[in-house]
There are 2 protein chains.
Amino acid sequence: MVMGRPRSFDMDKALDEAMEVFWRHGYDGASLAMLTKAMGIKAPSLYAAFGSKEGLLKAALDRYALRRSEHMRYVLAGPTARDVAERFLSSIAESHTDPANPPGCLLVQGGLACGAGSENIPFELASRRAQTETELLERFAQAKADGDLPDDSEPVALARFLSTVASGMGVIASSGATRGALREVARVSLGAFPGKA
Amino acid sequence: MVMGRPRSFDMDKALDEAMEVFWRHGYDGASLAMLTKAMGIKAPSLYAAFGSKEGLLKAALDRYALRRSEHMRYVLAGPTARDVAERFLSSIAESHTDPANPPGCLLVQGGLACGAGSENIPFELASRRAQTETELLERFAQAKADGDLPDDSEPVALARFLSTVASGMGVIASSGATRGALREVARVSLGAFPGKA
DNA sequence: CAACTTTTATAACGAGTGGTAGATAAGTCT
DNA sequence: AGACTTATCTACCACTCGTTATAAAAGTTG
């Protein structure tokens with residue numbers, strides 16, 4: 001079996017560039033012209049590699065998830081539920097204002113609302129956001145079973161609360177909120193979490 | 001002076017329809033075709049009345065602000081700062097899941113990220129969101145001065161926290177979160193607020 | 001080298017974008 | 001009624017959108 005002409009661009013580098021464009025402009029706002037220019041390839045190469053604009057987004061989201069899974073591993077490894085919450089919000093304050101990336105969260109910036117023909121993108125993003133919430137939920141349910149969280153605590157509500165605050169932080173970060181402001185939100189939010197003051 | 005042919009459509013009705021389209025599809029995702037169809041007018045009438053697509057958005061945002069100002073008057077009239085916070089979050093849980101409107105908040109759904117040529121829309125939305133935060137801030141600063149809030153409380157941080165939670169609720173509402181879920185988030189969030197348990 | 005497979009670049013596709021002339025219709029005021 | 005002003009309609013503008021046909025280029029394998 002013959003191999004054919006090898007790909008002349010680095011897929012991961014190209015995906016990082018595409019991720020940045022989607023992050024900054026959203027799915028609808030990211031045009032093929034922007035994407036191909038940022039990725040340094042022409043449209044046919046893009047379509048050969050990713051199938052469609054939506055396919056490219058999903059590949060970029062997969063790569064984004066890869067980054068986040070490292071964060072989440074650290075977050076979930078917190079010794080107590082409260083530590084997990086603290087790590088979760090703090091790491092978001094940092095990552096959402098990391099000057100190496102566009103401000104905010106790709107899963108929020110990517111598109112809450114889309115035009116005709118892109119109706120499923122918001123669902124795609126929402127399902128990826130839900131995954132993080134589920135991870136928190138499972139961690140808190142375990143903490144409750146272990147007696148780390150009080151018996152009257154509500155893991156579902158706590159996970160949803162943290163996930164909601166995280167989305168909110170994504171919104172204000174994209175509007176220019178500083179890292180200090182996000183840290184403050186994280187600190188105040190933690191006041192709603194059971195455990196030592 | 002002569003008056004000319006009178007406008008044959010109801011501006012407020014048309015703006016309500018435009019608002020709904022922007023709300024559901026975002027600024028970039030709302031095409032002129034969608035807008036004119038929903039408003040029941042043709043493009044030249046739209047441009048004569050609003051100048052541009054962006055002008056139409058601003059007019060719709062003004063009308064949206066009008067609605068919200070009624071809510072905020074009630075919210076800010078709460079007897080204590082904690083009541084204000086409770087009213088704020090509760091009213092958002094209701095309004096963001098009002099079946100009469102698209103889910104979520106127009107100021108979030110409208111566009112956190114936009115394409116080329118619409119770069120100022122996110123700023124426009126952010127500045128309107130900031131207004132609500134400022135109103136809360138002023139109310140809490142007053143509460144602190146009155147001794148309603150403790151001396152060590154931070155009105156800026158509290159207002160920002162509530163505003164962030166509100167944005168987060170907008171995000172999860174647009175992803176299909178139920179009214180019950182939003183109420184739960186509101187209830188948990190209130191735990192971060194100083195005052196009686 | 002020659003056969004084969006895949007990627008690349010050029011160029012274009014039809015559809016849809018926001019926006020606008022130009023003509024016509026519908027009112028008001030003298 | 002007739003002059004005047006403004007709104008509405010039809011048709012269209014140049015442009016961009018996501019996507020793709022075609023053919024040349026660049027490798028690997030026999």
* To do: Establish, with yes or no, whether the OP1 or OP2 oxygen of dA7(D) is under 4.0 angstrom from a side-chain nitrogen or oxygen of S45(B).
  =>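 S45(B) to dA7(D) OP1/OP2: no side-chain N or O under 4.0 Å.
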Ignoring backbone atoms, test whether S8(A) places a side-chain nitrogen or oxygen under 4.0 Å from the OP1 or OP2 oxygen of dT8(C).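 Answer is yes, contact under 4.0 Å.
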**Message:** Show me the pairs that pass ring pair (Phe, Tyr, Trp, His ring centres under 6.0 Å) and involve residues 100-129 of chain B, at least two apart or across chains.
**Reply:**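 Qualifying pairs, neighbours excluded: none.
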Item to check | Where at least one partner belongs to residues 150-191 of chain B, residue pairs that pass ring pair (Phe, Tyr, Trp, His ring centres under 6.0 Å), sequence neighbours excluded | outcome: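 Counting only pairs at least two positions apart or across chains, no ring pair (Phe, Tyr, Trp, His ring centres under 6.0 Å) contact touches residues 150-191 of chain B.
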Hey, which of D16(B), D62(B), D98(B) is the one that makes salt bridge (charged side-chain N to carboxylate O under 4.0 Å, His left out) with R67(B)?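 By the salt bridge (charged side-chain N to carboxylate O under 4.0 Å, His left out) criterion, R67(B) pairs with just one of D16(B), D62(B), D98(B): D16(B).
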Checking all strands, does A49(A) fall into the base, sugar-phosphate, or nothing category for heavy-atom contacts under 4.0 angstrom?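 No contact.
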Grab the N/O contacts between the protein and nucleotides 22-26 of chain D below 3.5 Å, and write none if there aren't any.
unit_1	atom_1	unit_2	atom_2	d
dA25(D)	N3	R5(A)	NH1	3.0
dA26(D)	O4'	R5(A)	NE	3.2

Q | Qualifying residue for side-chain contact (heavy atoms from CB on, under 4.5 Å) with H96(B), from S91(B), S174(B), P103(B), C105(B) | A |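 The single option meeting the side-chain contact (heavy atoms from CB on, under 4.5 Å) with H96(B) is C105(B).
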Which atom pairs, donor and acceptor, lie under 3.5 Å between side-chain atoms of residues 44-52 of chain A and protein residues at least two apart or in another chain?
unit_1	atom_1	unit_2	atom_2	d
S52(A)	OG	E54(A)	N	3.4
S52(A)	OG	G55(A)	N	3.0

Partner set under ring-ring contact (aromatic ring centres under 6.0 Å, His included) for Y64(B), not counting sequence neighbours
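Expected list: W23(B).
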- Query: Above 12 or not: heavy atoms from other molecules or residues under 6.0 Å from CZ of F9(A)?
  - Reply: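 Yes, CZ of F9(A) has more than 12 neighbouring heavy atoms, counting only those of other groups under 6.0 Å.
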Salt-bridged, R187(A) to E184(A), with N to O below 4.0 Å?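 E184(A) and R187(A): salt-bridged.
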Protein-nucleotides 14-18 of chain D N/O pairs under 3.5 Å:
unit_1	atom_1	unit_2	atom_2	d
dC17(D)	OP1	S31(A)	OG	3.2
dG18(D)	OP1	A30(A)	O	3.3
dG18(D)	OP1	K53(A)	NZ	2.7
dG18(D)	OP2	L32(A)	N	2.6

Once you round it to whole Å, what is the distance between [atom2] of [N] and [atom1] of [X]?
X: F50(B); N: dT8(D); atom1: CZ; atom2: P; result: 10 Å
X: L57(B); N: dG19(C); atom1: CG; atom2: P; result: 12 Å
X: L46(B); N: dT10(D); atom1: CG; atom2: P; result: 16 Å
X: K37(B); N: dT17(C); atom1: NZ; atom2: P; result: 12 Å
X: M3(B); N: dA7(D); atom1: CE; atom2: P; result: 9 Å

**Q.** Nearest to side-chain heavy atoms of K42(B), which nucleotide of dT20(D), dC9(D), dT8(C)
**A.**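 Nearest to the side-chain atoms of K42(B), counting from C-beta on, is dC9(D).
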Side chain of S52(A), heavy atoms from C-beta onward: which of dT19(D), dC9(D), dT28(C) has the nearest atom to it?
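For S52(A), the side-chain atoms sit closest to dT19(D).
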Review point. Minimum heavy-atom separation for L182(A) to I92(A), with atom names?
Key: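 For L182(A) and I92(A), the tightest heavy-atom pair comes out as CD1-O, 4.5 Å.
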